[in-house]
Amino acid sequence: MAMLLGITVGFVGFLLFLLRLIFVVKTDAKCKPGDKGQVCVLVVAGSGGHTSEILRLMDSLSKSYRPRHYVIAETDVMSEDKIRTLESAKEDKESKFTIHRIPRSREVQQSWGSSVVSTLNAFLYSVPLVFRLRPDMVLCNGPGTCVPICMAGLLLGMLGLKKVLIVYVESICRVETLSLSGTLLYYLSDYFFVQWSTLRDKYPKSIFLGRIV
């Protein structure tokens, strides 16, 4: 009897969690942070091509997107220099930006089993960071590090503290299939951009504007 009661309570709790998650994801139409002026943006930079793409995108955004908070993996040794180079070249010298590091969710060729553990570890670091920064928007383009950051942003909304827009831009390298991060965040993101029409045809929720970066 006790076991049955526990299963019932667990199922009801999971159902309420799922309903709350759906509600938060579906309330994007009412959330327009740009109407208030500045947009606090949390940018997830990966390594290599991911960083280059996201920084080109950031360079094209208006001055309204500030302050800008960048998140990179602890083992990423190149992205910080690229970010500082981009920011130092901006004409608006008073614009503020910060760089934060969290554990990497998944290393190249890391096993799936250990990836779950490392992603959970990264999530534990992401929650206090996102709750402290309270961004209006999370902008990412595919690195594994973006998954725990986005989940932390969704948690902020689920607790009723703040609606955080999740904006995902799939890498230009993805022509036929989504990346693993894209697959995980396709249904959870508020805006999901792809850069090839072949992906738009396969994923109707996606937004195709041609090449963005």
Side-chain angles (χ1 to χ4, degrees), residues 3 6-25 41-54 69-83 98-135 137-162 164-171 173-174 177-190 192 203:
M3 181 179 295
I7 294 175
T8 302
V9 171
F11 176 77
V12 172
F14 175 76
L15 184 61
L16 291 175
F17 172 86
L18 187 60
L19 290 174
R20 178 60 180 169
L21 177 61
I22 294 173
F23 173 79
V24 170
V25 171
V41 57
L42 180 58
V43 186
V44 185
S47 57
H50 282 123
T51 295
S52 298
E53 287 186 17
I54 203 71
H69 304 290
Y70 295 89
V71 178
I72 59 178
E74 284 181 342
T75 55
D76 189 345
V77 297
M78 299 179 61
S79 292
E80 182 171 352
D81 290 338
K82 293 180 179 179
I83 292 170
T98 59
I99 300 176
H100 308 271
R101 291 181 178 270
I102 65 171
R104 189 181 291 273
S105 295
R106 185 173 185 267
E107 298 285 356
V108 177
Q109 295 184 340
Q110 183 178 347
S111 67
W112 292 108
S114 62
S115 294
V116 174
V117 176
S118 57
T119 299
L120 289 175
N121 181 51
F123 177 72
L124 294 178
Y125 280 82
S126 299
V127 170
L129 175 63
V130 173
F131 275 48
R132 175 165 57 86
L133 297 177
R134 295 202 174 195
M137 179 178 79
V138 173
L139 177 63
C140 52
N141 69 333
T145 306
C146 73
V147 174
I149 290 291
C150 289
M151 296 306 295
L154 287 170
L155 180 60
L156 198 64
M158 292 178 66
L159 295 177
L161 300 176
K162 183 176 184 178
V164 180
L165 285 179
I166 307 298
V167 180
Y168 186 95
V169 182
E170 186 60 281
S171 172
C173 298
R174 288 291 172 169
T177 60
L178 298 178
S179 62
L180 177 60
S181 299
T183 302
L184 294 174
L185 296 175
Y186 175 70
Y187 293 102
L188 300 178
S189 59
D190 296 290
F192 192 97
Y203 301 93

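The figures here come from the full heavy-atom set of this structure, side chains too, leaving out hydrogens, waters and symmetry mates.
- For the pair S179 (side chain) and G182 (backbone), a donor-acceptor distance under 3.5 Å is present.
- With sequence neighbours excluded, the residues that form a side-chain contact (heavy atoms from CB on, under 4.5 Å) with I99 are Y70, I72, E80, I83, R84, F97.
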Please list, one pair per line, the donor and acceptor atoms closer than 3.5 Å that link side chains of residues 145-162 to other protein atoms, with sequence neighbours excluded.
unit_1: K162; atom_1: NZ; unit_2: R134; atom_2: O; d: 2.7
unit_1: K162; atom_1: NZ; unit_2: D136; atom_2: OD1; d: 2.9

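- Remark: Y186 engages F192, Y203 in a ring-ring contact (aromatic ring centres under 6.0 Å, His included) (not counting sequence neighbours).
- Residues passing the side-chain contact (heavy atoms from CB on, under 4.5 Å) test with T98, sequence neighbours excluded: H69, H100.
- The closest side-chain heavy-atom distance from E53 to T51 is not below 4.5 Å.
- Just one residue in the list L139, L188, V138 forms a side chain to side chain contact (heavy atoms under 4.5 Å, CB included) with I166, and that residue is V138.
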Exercise. Yes or no on side chain to side chain contact (heavy atoms under 4.5 Å, CB included) for I102 and V71, after CA distance, side-chain angles and deciding distance?
Worked result: CA-CA 7 Å; I102 65 171; V71 178; 4.0 Å; yes
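- No side-chain donor-acceptor contact under 3.5 Å links S118 and N121.
- Taking CG from D81 and CG from D76, the interatomic distance works out to 9.5 Å, rounded to the nearest 0.5 Å.
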Exercise. After noting the C-alpha distance and the side-chain angles of K82 and S52, does the key distance pass the side chain to side chain contact (heavy atoms under 4.5 Å, CB included) rule?
Worked result: CA-CA 8 Å; K82 293 180 179 179; S52 298; 3.8 Å; yes
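- For the side-chain contact (heavy atoms from CB on, under 4.5 Å) test, residues two or more places apart in sequence or in another chain that qualify with T183 are L178.
- Remark: F131 CZ is packed, more than 12 non-hydrogen atoms of other residues, nucleotides or ligands lying under 6.0 Å away.
- For E74, the side-chain contact (heavy atoms from CB on, under 4.5 Å) partners are R101, P103, not counting sequence neighbours.
- Partners of T119 by side chain to side chain donor-acceptor pair (under 3.5 Å), not counting sequence neighbours: none found.
- With sequence neighbours excluded, no residue satisfies side chain to side chain donor-acceptor pair (under 3.5 Å) with S181.
- For N141 against P143, the heavy-atom pair with the smallest separation is OD1-CD, 3.3 Å.
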